[in-house]
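Just so we're clear, the structure is a prediction, and the values are computed from it rather than from any experiment. Just so you know, these numbers use all the heavy atoms, side chains as well, and skip hydrogens, waters and symmetry mates.
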Amino acid sequence: MLVKAAECDIRPNEFWEMTWKDFSIIVMGKERRELNEWARTRNLAYIIYLSNSTEKQPKSLRSFWHIPAIDDVDGLEEEKTMLS
């Protein structure tokens with residue numbers, strides 16, 4: 001747990017003073033921020049792919065670069081790629 005706290009920039013004395021709920025919220029925030037960074041990187045790579053692709057039916061964003069934590073969420077439909 002202290003390693004995870006260090007990854008979240010929490011000093012050991014802060015870790016021992018906080019509640020489990022506070023620690024969990026900080027860890028979830030850190031993981032969400034990291035996931036958002038991967039999503040941003042994927043979007044930039046996908047824009048480059050679309051701008052250089054000569055395919056008539058380019059791959060969808062999810063098939064181009066699958067991120068399970070984002071793409072495997074129930075209830076979401078496959079996005080359609082529209083080029084103009």
Side-chain angles (χ1 to χ4, degrees):
M1 299 310 290
L2 283 173
V3 173
K4 191 65 167 177
E7 289 175 356
C8 295
D9 298 323
I10 301 171
R11 287 177 279 178
N13 61 334
E14 294 172 335
F15 171 78
W16 291 115
E17 293 173 1
M18 66 177 40
T19 65
W20 178 253
K21 183 177 181 180
D22 293 339
F23 178 71
S24 297
I25 290 170
I26 292 171
V27 170
M28 287 173 55
K30 169 80 171 170
E31 290 172 351
R32 185 171 294 170
R33 188 169 43 249
E34 184 176 329
L35 191 59
N36 286 337
E37 290 176 15
W38 278 112
R40 184 179 310 115
T41 301
R42 175 176 72 167
N43 287 339
L44 291 172
Y46 188 65
I47 290 169
I48 293 169
Y49 160 73
L50 288 177
S51 66
N52 292 310
S53 176
T54 57
E55 301 172 14
K56 293 187 182 201
Q57 293 289 353
K59 297 177 183 178
S60 68
L61 178 62
R62 292 178 181 166
S63 64
F64 173 73
W65 183 346
H66 184 73
I67 301 176
I70 296 172
D71 298 335
D72 293 346
V73 178
D74 294 333
L76 295 178
E77 294 181 14
E78 180 83 13
E79 293 179 20
K80 301 292 182 199
T81 304
M82 303 295 278
L83 294 176
S84 59

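Listed for the Y46 side chain is a donor-acceptor partner under 3.5 Å among the backbone atoms of K59.
In this structure, the side chains of L61 and D71 stay at 4.5 Å or more apart for every pair of heavy atoms. I10 is not listed as a side-chain neighbour of K4, based on a closest heavy-atom distance of 4.5 Å or more. Side-chain contact between L50 and F64: absent, with no pair of heavy atoms (C-beta onward) separated by less than 4.5 Å.
Within the model, atoms CE of M18 and CD1 of I25 stand 10.0 Å from one another, a figure rounded to the nearest 0.5 Å. Rounded to the nearest 0.5 Å, atoms CD1 (I26) and CD (E31) are 12.5 Å apart. The structure places SG of C8 at 8.0 Å from CZ of R33, a figure rounded to the nearest 0.5 Å. Rounded to the nearest 0.5 angstrom, R62 CZ and R42 CZ are separated by 7.5 Å. To the nearest 0.5 Å, atoms CD1 (I48) and CG (N43) are separated by 11.5 Å.
A chain of hydrophobic side-chain contacts below 4.5 Å, direct or via other Ile, Leu, Val, Met, Phe, Trp or Tyr residues, connects L2 to F23. Note on M28 and I67: separate hydrophobic clusters, where clusters join Ile, Leu, Val, Met, Phe, Trp and Tyr whose side-chain heavy atoms are under 4.5 Å apart, directly or indirectly. Following chains of ILVMFWY side-chain contacts shorter than 4.5 Å, one can reach W16 starting from V27, so the two form part of one hydrophobic cluster.
Counted within 6.0 Å of CD on E34, heavy atoms from surrounding residues, nucleotides or ligands total 12 or fewer; the atom is thus considered open.
Between R40 and E37 there is no salt bridge, since no side-chain nitrogen of the basic residue lies less than 4.0 Å from a carboxylate oxygen of the acidic one.
Here the closest non-hydrogen pair linking P58 and Y49 is CA-OH, 3.6 Å.
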